Amino acid sequence: MSNDQSLKEEKLITPSYYDRTTRTIRIADREIKVGGSLPKLNENERLFRITQSICPYCYALLPAVIFERDGKLYIRKDCPEHGEIEELYQGSSEFARRIEKWYVEGRGPRHIYTSFSAPCPYSCGLCPIHKNHTALANLVLTNRCDLDCWYCFFFAEKSGFVYEPTIEQIKFMVQQLLKQGVTPAVQLTGGEPTLRDDIVEIVRMLREMGVRHIQLNTNITRFAKLYLLEGEEAAVRFSRDLREAGVNTIYMSFDGVSPQANPKNHWEVPFALDAFRKSGMTSIVLVPTVIKGLNTHELGDIVKFAALNKDIVRSVNLQPVSLTGMIKKAERDELRVTIYDVAKLIEEQTKGQIKVSDWFPVPASVPISEFVEGFSGEFKFEMANHPECGVGTYVYIRMNDGEPEYVPITRMIDVQGFLDYLKEKSMELKSGGSRYLVGSKLIISALLKYIKWGEVPSEIKGILRKLISEVLIKHTYESLGEWHYKFTFLGMMHFMDLYNYDVERVMRCNVHYLMPDGRVVPFCTFNVLNDVYRDYVQKKYMFTLEEWAKMKGANSIGEAVKYRRNLDLIKKMTSHPLYIKTYKDFINRWIDMYPWLKESSLT
C-alpha cells in the first residue's frame, strides 16, 4: 500500500501542534521549544556531522554537532535555558566512519498512522517522514513486574499505575501493525509478560491473526518458580504450552554468568533452560544490558555461555545501557559504554577470535534485501536503520578440547566484497536483466569468488553452499531459520537516552511499540520521551494501583508479586545438580560465596 493510499483510507492521528510563530510544539499537555544556536567546536575538535537532539531537561528540540576528539565521537547541544550538554556518542571515531559508510536513506513506512504535525520526534508515529517500516513490534502486555531492577525502563510501581491492555485492545494494536503488509514479528514484553494468566491465549490469538514470528521477552523467573515449587513438569508444561501456541523465541534477560554481574536471574537460569530444552523451546536469545564496570568484564563469558548452550541458544543481543532519568555527568561517565567499547572488549576477552572488524551495522543487510526483491519481483523486508543503532555478526562455533572456538562469518566469506557484488547485481536486475541468468551468475560467484573455502570448517562446507543459495534465492522464513540454527548471531542494539539523543537515528528506527490509541511508535521515543508517549497514552487506559488491587486482589500488585530470594532458596538452587552443571566452567570464581558447594561431591 502506498503512503498516498493509506492517507486517503483513514483519518490520521494528530499527536501534536507546531506554532511556527512562537516556534513551540504542543504535545501531551506540555509546551516544547524548538531551536537554538549551533554549538561551536574547539581547536582540538573536528566535525563529524550535524544533526538534531533534545534537551534532557526541557525536551527542547535543538541543533547538535557530533564531533571527533581524542579518537572518540561526542554529541553537543546548547539549550537556551539549560546551557551546553555534551555526551559520549561512540567510543571510536574510526569505527564510526567504517559503519556509517553503510548509511541507507530508507524507503519510508509502509503505512502512515499520524500526520506530520510537528518536527521529529514529536509526530510519532509512524508519520510521513519516517524512513522505515516495522521490523520488530513490541507489544506491552503489562507494566507489572515481579522484579524492580534499577536500570529498567518502567514497571507499575515506578509508574504509579497499572497498564494491562484487554484482549480486544491487543487485537486492535496488532491489526494496526498488519496494515503495513510486512511479515509481522512481535515481541511480547512488559513489565514481565508471564504475569498475565492469559499469556498462552494471547500468543495463540496473535498466531491466528497471522503474526509469523513471536518473541517472549522475559526474566524467566516464572519458569524457575514453577520448576522449584511445583516440580519440573509444571515448568516444562508451561513452556510447551507457549511453544505450541506459537512462541518462536525466548528473549531472556542475562546480564552475566556470575551472581555479581547478574543478580537479576543468575540462580534461576539453569532451571528455565532445562524447561526450555525439555519442552522443545529451541530458540533462546540471551539479552545482556551492558553497564560499564558492572558486567563489562564478563562479555566474553556471556558469549562462551551461549556457545556451551548452543543446542538452544541462537543469539546474544547485547544492549549498552540507556541511561534513563536525571543522572549527573560524572555518574554517566562511570556507566556509559558504547557499541565500539563492547566490540573491543569482546575481541580482548575472546583472545582475538571475534574482532571489532567482524561487526557490520544493521543496514549492511540492505543489499541482500534489494537483491532478493529484484530477483523475486516482490517487496522484501528491509532494515535501513541508522548505522549507529546496531551492529551484528554471525559466528560458527565448534568445540576444541571442551573449549569453544569461534569462526566469524567474515573469516569464511569476503563480506564486504560480496555485499558490493550484490549491489551491482541488484542494479542489473532493476535495469531489466534476466532474473535466472543474474541469479545463476551470483551463486557461482558467491561460491567461487567470495567464499574463502580454506577457512571454512570442513564439517559445514557442504551445508554452506546450500544455505547461501537458499537464503539468496528463496529468502524464506524457513531458509533464514536454518541459517540461524547453524550459526550463532551476535548483535548489539544501543538504544538512546536523553543525553546522546540523535534525531537522525530515531527517524530510521524499525523497532517500534504498538500503542492502544492506534499508533506505532519508535523505541527511542516511546521509552526516552516516556511522559510524552508511553506514560501519557498508557495513563488513558490505566488502573490506579488501588483500583487494580480491588479488582484483581491485593496479591496481584506491589510487594505481593515481587520475587524475593532468601538464603534457603539460594542454597536449594545452588546445590542443585542443574546449577552446578550449567555453571561448571565458571563456578570456581564464586564458589567461596557458597561454602556448601565446596563440600559437594558434584563439584
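Bear in mind that the values here come from a model prediction, so they are computed numbers and not experimental data.
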Chemist: In terms of side-chain heavy atoms, does Thr249 have a donor or acceptor partner in Gln215 at a distance below 3.5 Å?
Modeler: no
Chemist: Is the shortest heavy-atom distance from the side chain of Gln180 to the side chain of Val520 under 4.5 Å?
Modeler: yes
Chemist: Would you say Arg534 and Asn527 are linked by a side-chain donor-acceptor pair, where the criterion is simply a distance under 3.5 Å?
Modeler: yes
Chemist: Measure the shortest side-chain to side-chain distance between Val506 and Tyr501 over non-hydrogen atoms and say whether it is less than 4.5 angstrom.
Modeler: yes
Chemist: Salt-bridge test for Arg49 and Glu100: reply yes if a basic N is under 4.0 Å from a carboxylate O, no otherwise.
Modeler: yes
Chemist: Of Val321, Leu294, Leu318, which is the lone residue that meets side-chain contact (heavy atoms from CB on, under 4.5 Å) with Thr289?
Modeler: Val321
Chemist: Regarding Asp358 and Thr410, do their side chains bring together a donor and an acceptor under 3.5 Å, going by distance alone?
Modeler: yes
Chemist: Using modelled atom types only, decide if a donor and an acceptor are shared between the side chain of His133 and the backbone of Phe381 within a distance under 3.5 Å.
Modeler: no
Chemist: Under 6.0 Å from the NZ atom of Lys101, do we count more than 12 heavy atoms belonging to anything else shown?
Modeler: no
Chemist: Go through it in stages, so that I can follow the logic: the residues are Lys292 and Asp341, the test is side chain to side chain contact (heavy atoms under 4.5 Å, CB included), and I'd like the CA-CA distance, side-chain angles, deciding distance and then a yes or no.
Modeler: CA-CA 9 Å; Lys292 186 166 72 174; Asp341 302 325; over 6 Å; no
Chemist: Only one of Val503, Val521, Val532, Val528 forms a side-chain contact (heavy atoms from CB on, under 4.5 Å) with Pro121, so which one is it?
Modeler: Val503
Chemist: Can you confirm whether more than 12 heavy atoms, excluding those of Glu94, are under 6.0 Å from its CD atom?
Modeler: no
Chemist: Under 3.5 Å, side chain of Thr134 to main-chain N/O of Ala137, donor-acceptor pair present?
Modeler: no
Chemist: Can you confirm if the NZ or CZ of Arg26 lies within 45° of the ring axis of Tyr122 and under 6.0 Å from the centre of its six-membered ring?
Modeler: no
Chemist: Would Trp359 and Leu490 count as a side chain to side chain contact (heavy atoms under 4.5 Å, CB included) if you check the C-alpha gap in whole Å, the side-chain angles of each, and the deciding distance to 0.1 Å?
Modeler: CA-CA 9 Å; Trp359 300 82; Leu490 304 181; 3.7 Å; yes
Chemist: Between Arg98 and Val356, which heavy-atom pair has the shortest distance, and what is it?
Modeler: NH2-O, 3.2 Å
Chemist: Can the ring centres of His512 and Phe526 be said to be less than 6.0 Å apart?
Modeler: no
Chemist: Would Asp78 and Leu62 count as a side chain to side chain contact (heavy atoms under 4.5 Å, CB included) if you check the C-alpha gap in whole Å, the side-chain angles of each, and the deciding distance to 0.1 Å?
Modeler: CA-CA 7 Å; Asp78 191 355; Leu62 305 166; over 6 Å; no
Chemist: Looking at His386 and Met507, would you say the former's side chain and the latter's main chain have a donor-acceptor pair under 3.5 Å?
Modeler: no
Chemist: Between Phe489 and Tyr394, is the ring centroid distance below 6.0 Å?
Modeler: yes
Chemist: Which heavy atom of Val362 sits nearest to which heavy atom of Ser365, and what is that distance?
Modeler: O-OG, 2.9 Å
Chemist: Measure from the side-chain N and O atoms of Lys179 to the backbone N and O of Gln176, and report whether any donor-acceptor pair falls under 3.5 Å.
Modeler: no
Chemist: Using modelled atom types and a 3.5 Å cut-off, is there a donor and acceptor pairing between side-chain atoms of Arg107 and backbone atoms of Ala384?
Modeler: no
Chemist: Do Tyr533 and Ile27 have side chains that get closer than 4.5 Å, going by heavy atoms?
Modeler: yes
Chemist: Using a distance-only test with no angle check, is there a side-chain donor-acceptor pair under 3.5 angstrom linking Arg508 and Tyr103?
Modeler: yes
Chemist: Out of curiosity, Met496 CE to Leu323 CG, how far, rounded to the nearest 0.5 Å?
Modeler: 13.5 Å
Chemist: Roughly how far, to the nearest 0.5 Å, is the CZ atom of Arg505 from the CZ atom of Phe495?
Modeler: 9.0 Å
Chemist: Ser117 and Ser16: which non-hydrogen atoms are nearest, and at how many Å?
Modeler: OG-OG, 2.7 Å
Chemist: Is the side chain of Lys77 donor-acceptor paired with the backbone N or O of Cys55 at a distance under 3.5 Å, no angle test?
Modeler: no
Chemist: Looking only at side chains, do Glu504 and Thr51 share a donor and an acceptor under 3.5 Å apart?
Modeler: no
Chemist: I'd like to know if the side chain of Glu87 pairs up with that of Asn500 as donor and acceptor (distance under 3.5 Å, no hydrogens or angles considered).
Modeler: no
Chemist: Would you compute the distance between atom CG of Leu498 and atom CD1 of Ile85 and round it to the nearest 0.5 angstrom?
Modeler: 10.0 Å
Chemist: Are Asn295 and Asn262 packed together at the side-chain level, in the sense that at least one heavy-atom pair is separated by less than 4.5 angstrom?
Modeler: no
Chemist: Quick one: does Ile339's side chain get under 4.5 Å of Cys389's, heavy atoms only?
Modeler: no
Chemist: Are Arg76 and Glu86 close enough for a salt bridge, meaning some N to O gap below 4.0 Å?
Modeler: yes
Chemist: To check you understand the geometry: which heavy-atom pair defines the closest contact between Lys72 and Gly91, and what is its length?
Modeler: CG-O, 3.3 Å
Chemist: Strictly by modelled atom types, are Asn42 and Glu45 linked by a side-chain donor-acceptor pair under 3.5 Å?
Modeler: yes
Chemist: From Leu136 CG over to Phe523 CZ, what is the distance, rounded to the nearest 0.5 angstrom?
Modeler: 10.0 Å
Chemist: Atom OH of Tyr163 and atom CG of Leu141: how far apart are they, to the nearest 0.5 Å?
Modeler: 8.5 Å
Chemist: Run the salt-bridge test on Arg336 and Asp497 with the 4.0 Å N-O cut-off and return the result as yes or no.
Modeler: yes
Chemist: Quick one: does Thr14's side chain get under 4.5 Å of Leu12's, heavy atoms only?
Modeler: no
Chemist: Do you know which two heavy atoms are closest between Gly181 and Arg110, and how far apart they sit?
Modeler: O-NH2, 4.3 Å
Chemist: Got more than 12 heavy atoms from elsewhere within 6.0 Å of NZ, Lys131?
Modeler: yes
Chemist: Given side chain to side chain contact (heavy atoms under 4.5 Å, CB included), test Gln90 with Phe48 step by step and report yes or no.
Modeler: CA-CA 11 Å; Gln90 185 61 269; Phe48 189 79; over 6 Å; no
Chemist: Please check this pair: side chain of Arg519 against backbone of Cys124, looking for a donor-acceptor N/O pair closer than 3.5 Å.
Modeler: yes
Chemist: First locate atom CG of Leu139, then atom CE of Met515, and finally report the distance between them rounded to the nearest 0.5 Å.
Modeler: 12.5 Å
Chemist: Hydrogens and angles aside, do Thr114 and Ser123 bring a side-chain donor and acceptor to less than 3.5 Å of each other?
Modeler: no
Chemist: Any heavy-atom pair between the side chains of Val211 and Leu177 that's under 4.5 Å?
Modeler: no
Chemist: Are any of the side-chain heavy atoms of Gln349 and Asp301 separated by less than 4.5 Å?
Modeler: no
Chemist: So, for Ala261 and Glu298, which heavy atoms are closest and what is the spacing to 0.1 Å?
Modeler: CB-OE1, 3.4 Å
